[in-house]
2 protein chains.
Amino acid sequence: MPKATFYNLKEEKRQILIDAAKQEFSRVSLYEASISNILKTAGIPRGSFYQYFEDKEDAFFYLLNEHAKERHECLVSNLKKFEGDLFKAISEIFRSTLEHSEDKGQRDFIRNVLLNMNYKIENTFSQYLSEDVANERYDDIYDLVNAEQLNVASRKEMFHVMQILTAVTFHNLIHSVSNNLSVSAAMKKYETELKLLQLGLMRSSS
Amino acid sequence: MPKATFYNLKEEKRQILIDAAKQEFSRVSLYEASISNILKTAGIPRGSFYQYFEDKEDAFFYLLNEHAKERHECLVSNLKKFEGDLFKAISEIFRSTLEHSEDKGQRDFIRNVLLNMNYKIENTFSQYLSEDVANERYDDIYDLVNAEQLNVASRKEMFHVMQILTAVTFHNLIHSVSNNLSVSAAMKKYETELKLLQLGLMRSSS
DNA sequence: CTTGACTTGTGACACGGTGTCACATATAGT
DNA sequence: ACTATATGTGACACCGTGTCACAAGTCAAG
């Protein structure tokens with residue numbers, strides 16, 4: 001987490017830092033990124049950076065978390081919009097993430113995040129879906145989902161549904177970006193797989 | 001890919017290098033690993049390393065690919081053993097990977113690989129399952145799978161089944177390792193989700 | 001206003017890792 | 001023995017990191 005000094009910064013200066021960091025993390029992945037470049041872009045001395053952040057990761061995960069919050073809001077509002085239809089809501093999130101990742105500016109940041117996704121990064125996104133934490137946002141989602149629609153008997157089972165959807169959704173996002181699929185090609189693949197998920201991978205014994 | 005000089009090396013010396021590299025990549029992730037440590041352990045001079053490998057990544061992916069080959073053989077033999085039952089076969093792979101990752105030596109390498117899994121690493125594992133490549137191994141798998149069992153009409157659709165299973169399996173592996181689940185707890189979660197996948201996430205309209 | 005306590009800014013520096021290169025050494029064919 | 005080709009070697013230049021001692025601000029109490 002950023003240090004207190006970071007939050008004490010004047011709005012304007014903080015934004016300059018954020019922009020500089022985002023620019024560097026858009027250029028390359030977290031591991032290739034260099035603090036030196038952020039300093040150069042932001043025009044601040046080396047020591048200052050370490051007043052605000054623990055290290056490179058700290059800055060990166062700050063940015064990522066801000067992003068994840070927005071995505072979470074997006075999911076909540078989609079669930080409302082589609083009256084609890086989890087599949088429609090998540091499919092919209094998928095599309096908007098892909099489209100989002102075509103905007104200049106945002107684009108390369110999300111690309112780099114997806115291409116270097118690991119469990120720590122994924123957790124930053126899906127932390128609001130984990131069951132154990134005393135997590136208000138967890139309830140946000142679960143209350144909104146129309147559970148009637150789902151093949152689950154309990155709240156606990158719904159957790160597994162979320163896990164599966166998370167896994168497949170991220171997998172598709174990453175696949176789309178790393179193979180430069182067009183938005184429509186990506187959607188087609190994703191929706192095919194969602195359909196399979198809904199109906200089941202196994203042939204119903206008839 | 002390692003350079004020709006690496007393959008020309010005497011068996012014994014090559015093994016020393018491999019062991020040293022594996023040791024370093026077991027200590028920390030690819031990005032934290034240092035070539036210097038490998039040199040020290042293997043007792044070779046700096047210049048030599050660059051005779052054999054392009055860089056750190058090159059050595060890492062060489063090791064990983066060797067590992068992936070073994071896993072692939074394992075999947076093939078499981079498919080034969082279970083007479084084409086994809087779910088049983090993949091579930092066995094899951095278990096053996098987890099158990100494998102309890103052995104001393106292998107253990108930390110696999111742990112680090114899983115904890116730092118990204119699309120490039122995942123592709124190293126699942127390259128044999130991709131549909132487009134002119135890939136004998138692709139056929140290996142697909143011919144062995146009992147498609148009758150599956151809710152697919154074509155070979156093309158089976159690709160999506162594999163994609164989903166890959167996504168969910170890796171997701172569970174990573175989750176198990178990062179949360180230090182016991183093998184049995186991990187199996188329980190994984191099999192619950194496999195069951196859900198088989199039957200479908202959606203309640204059959206009755 | 002000034003003194004002192006605390007917070008924030010600064011950049012030179014030591015450290016450690018990387019990849020290269022000129023040179024040394026080995027190997028094999030003639 | 002001679003030459004060509006492959007391999008071994010480690011000093012070196014380069015770059016990024018995180019720290020630290022010191023400078024500069026801020027602010028409240030006397």
**Message:** Going by the rule salt bridge (charged side-chain N to carboxylate O under 4.0 Å, His left out), which residues pair with B:Arg27 if we only count those two or more places apart in sequence or in a different chain?
**Reply:** B:Glu24

Would you tabulate the side-chain donor-acceptor contacts of residues 166-174 of chain B under 3.5 Å, counting partners in other chains and residues two or more places apart, or write 'none'?
from: B:Thr166; atom 1: OG1; to: B:Met162; atom 2: O; distance (Å): 2.6
from: B:Thr169; atom 1: OG1; to: B:Leu165; atom 2: O; distance (Å): 2.6
from: B:Thr169; atom 1: OG1; to: B:Tyr190; atom 2: OH; distance (Å): 2.7
from: B:His171; atom 1: NE2; to: A:Glu122; atom 2: OE2; distance (Å): 2.7
from: B:Asn172; atom 1: OD1; to: B:Lys189; atom 2: NZ; distance (Å): 3.1
from: B:Asn172; atom 1: ND2; to: B:Val168; atom 2: O; distance (Å): 3.0
from: B:Asn172; atom 1: ND2; to: B:Glu193; atom 2: OE1; distance (Å): 2.9

Please determine whether a side-chain nitrogen or oxygen atom of [X] lies at a distance below 4.0 Å from atom OP1 or OP2 of [N].
{"X": "A:Ser48", "N": "C:dG9", "answer": "no"}
{"X": "A:Lys3", "N": "C:dT8", "answer": "no"}
{"X": "A:Asn8", "N": "C:dT8", "answer": "yes"}

Not counting sequence neighbours, which residues clear side-chain hydrogen bond (donor to acceptor under 3.5 Å, both in side chains) with [X]? List them please.
{"X": "B:Glu54", "value": "none"}
{"X": "A:Ser184", "value": "A:Ser182"}
{"X": "B:Glu57", "value": "B:Lys120"}
{"X": "A:His100", "value": "A:Arg71"}

Touch class at under 4.0 angstrom, heavy-atom based, for [X] against every strand present:
{"X": "A:Tyr52", "value": "sugar-phosphate"}
{"X": "A:Thr5", "value": "sugar-phosphate"}
{"X": "A:Lys10", "value": "nothing"}

**Request:** Toss me the dot-bracket line for DNA chain C: Watson-Crick and G-U wobble, both under 3.5 Å, 5' to 3', using | for pairs to another strand and [ ] for crossers.
**Result:** ||||||||||||||||||||||||||||||

**Request:** May I have all residue pairs that pass salt bridge (charged side-chain N to carboxylate O under 4.0 Å, His left out) and include part of residues 166-175 of chain B, sequence neighbours excluded?
**Result:** none

**Request:** Not counting sequence neighbours, list each pair that qualifies as a salt bridge (charged side-chain N to carboxylate O under 4.0 Å, His left out) and has a residue in residues 30-49 of chain B.
**Result:** none

**Asked** How would nucleotides 15-26 of chain D be written as a contact map, 5' to 3', with B for base contact, S for sugar-phosphate-only contact and - for no contact, using protein heavy atoms under 4.0 Å?
**Response** -SBBB-------

**Request:** Measure from the side-chain N and O atoms of A:Asn151 to the backbone N and O of B:Gly200, and report whether any donor-acceptor pair falls under 3.5 Å.
**Result:**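 A pair under 3.5 Å: yes.
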
Specify the separation, in whole Å, of atom [atom1] of [X] and atom [atom2] of [N].
{"X": "B:Lys13", "N": "D:dG8", "atom1": "NZ", "atom2": "C1'", "answer": "7 Å"}
{"X": "B:Leu17", "N": "D:dT7", "atom1": "CG", "atom2": "C1'", "answer": "14 Å"}
{"X": "B:Gln51", "N": "C:dG19", "atom1": "CD", "atom2": "C1'", "answer": "12 Å"}

**Greater than 12 external heavy atoms within 6.0 Å of B:Glu99's CD** = yes

Any N/O pairs under 3.5 Å between the protein and nucleotides 25-29 of chain C? List them or say none.
none

**Message:** According to side chain to side chain donor-acceptor pair (under 3.5 Å), does anything in residues 73-88 of chain B pair up with another residue at least two apart or in another chain? List the pairs.
**Reply:** B:Asp85-B:Gln149

